[in-house]
2 protein chains.
Amino acid sequence: MHLSTRGHYGLLAMFDLAEHYGSGPISLKTVAERQNISDNYLEQLIAVLRKAGLVRSVRGAQGGYILAREPGSITVGDIIRAMEGPIAPVDCVSEVEPAECDQAESCITRLVWTRVRDKLTEVMDSISLADMLRDAENLSIAKKV
Amino acid sequence: MHLSTRGHYGLLAMFDLAEHYGSGPISLKTVAERQNISDNYLEQLIAVLRKAGLVRSVRGAQGGYILAREPGSITVGDIIRAMEGPIAPVDCVSEVEPAECDQAESCITRLVWTRVRDKLTEVMDSISLADMLRDAENLSIAKKV
DNA sequence: AAATATCTTAGCATTCCGCTCGGAATTTGT
DNA sequence: ACAAATTCCGAGCGGAATGCTAAGATATTT
């Protein structure tokens, strides 16, 4: 049950953009440095996010990336699906076009994986970038006290 | 969010053993054929389950494998941990010795992954092989009607 | 025109996956 | 005692994915 760095870095980058939402485009280099990711690599990852319609890009000098929608309407699930494909512990319970299996009807393990998948999507879809911003604020307040 | 075939096949094999719990040792070949897994490969996987203390082996003719404990006391979580290692979407929230990260204290994505991990373990630890046997029974009853 | 960015594609070393194979060790049955 | 059935163990291997690097094309601002 492991995510690749795609999903991991993808969420880091998106959260970084969320933290600076409203201040114009943020350059890839800035995000990469702040999040400690190779900018060459992040370049590829953010291309995926752009194609998925989660970020907008502004080319040229002073360009960069901006969230395509407000932080409240982008969830962790959106980001992970974009970066890692449909959420599914095993292929036969994939969210989209599940792999076929001749014993699917009577397969008990399939029931298990369905429950696991449902819990996964439930959590991931319930957390938005806005929720994370709120968490960040609470955390910094707690620290100051 | 994908399992490897290790976990997938591991659960299939364990459930197969659970279905025949109490009828003496089941040979690897039998399980492999019933579950449609290469027996050469399953041989390696079941070695892992044995080393994890989840199955007992009986060598020699008429030998095979038996669940080490009753089906009610073996959970999906036990099996997945044995086959795939500690449950963790990313290394910094691993159940055992999480990877260190200098920003761990203030990392918001880490909170997200912790919640995901907790949901994952919650589901997996709540389903035992006995539960699955019950599901199988309900399913076959439903079909007959 | 120069500087600053994104965009696109190619490549590449390493690791992991999913297996196959061969043979040693152990137990049962005849 | 011997043959058959089985687990046990380790080596190896092709293919795919991972996590990058690198280089140049394109667009925009100053």
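Only a predicted model underlies this, so the values are computations on that prediction, with no experimental measurement involved. Within every chain, numbering begins at 1; the chains are lettered A, B, ... in the order of the sequence lines, protein sequences first and strands thereafter.
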Taking OP1 and OP2 of dA25(C), is either one under 4.0 Å from a side-chain nitrogen or oxygen of R59(B)? no
Using only side-chain N and O atoms of S4(B), determine if any of them is under 4.0 Å from OP1 or OP2 of dC16(C). no
For DNA chain C, whose closest nucleotide is more 5', that of E84(B) or that of Q62(B)? E84(B)
Along DNA chain C (nearest heavy atom to each residue), the more 5'-positioned of A61(B) and V58(A): V58(A)
Just the rounded figure in Å: distance from [atom2] of [N] to [atom1] of [X].
| X | N | atom1 | atom2 | answer |
| --- | --- | --- | --- | --- |
| Q44(B) | dC17(C) | CD | C1' | 11 Å |
| L42(A) | dT18(D) | CG | P | 17 Å |
| Y41(A) | dA10(C) | OH | P | 19 Å |
| D91(B) | dT18(D) | CG | P | 15 Å |
| N40(A) | dT9(C) | CG | P | 16 Å |
| L49(B) | dC8(D) | CG | P | 12 Å |
| I46(B) | dC8(D) | CD1 | P | 9 Å |
| K51(B) | dC8(D) | NZ | P | 9 Å |

With DNA chain D as reference, determine whether L3(A) or E43(A) sits nearer its 5' end, using the nearest nucleotide of each. L3(A)
Please figure out whether G60(B) or R50(B) has its closest DNA chain D nucleotide nearer the 5' end. G60(B)
Is any NZ, NE, NH1 or NH2 atom of the basic residue among D135(A) and R115(B) found under 4.0 Å from an Asp or Glu carboxylate oxygen of the other? no
With the side chain counted from C-beta on, respond yes when [X] and [Y] share a heavy-atom pair under 4.5 Å apart, and no when they do not.
| X | Y | result |
| --- | --- | --- |
| H8(B) | W113(A) | yes |
| E105(A) | K143(B) | yes |
| E33(A) | D39(A) | no |

Which pair of heavy atoms, one from [X] and one from [Y], lies closest together, and at what distance?
| X | Y | result |
| --- | --- | --- |
| I66(B) | P25(B) | CG1-CA, 3.7 Å |
| S128(A) | P71(A) | CB-O, 3.7 Å |
| R69(A) | G53(A) | NH1-O, 4.0 Å |

For DNA chain D, find the residues of residues 5-39 of chain B with a heavy-atom distance under 4.0 Å and give them by number; none if there aren't any. S27(B), L28(B)
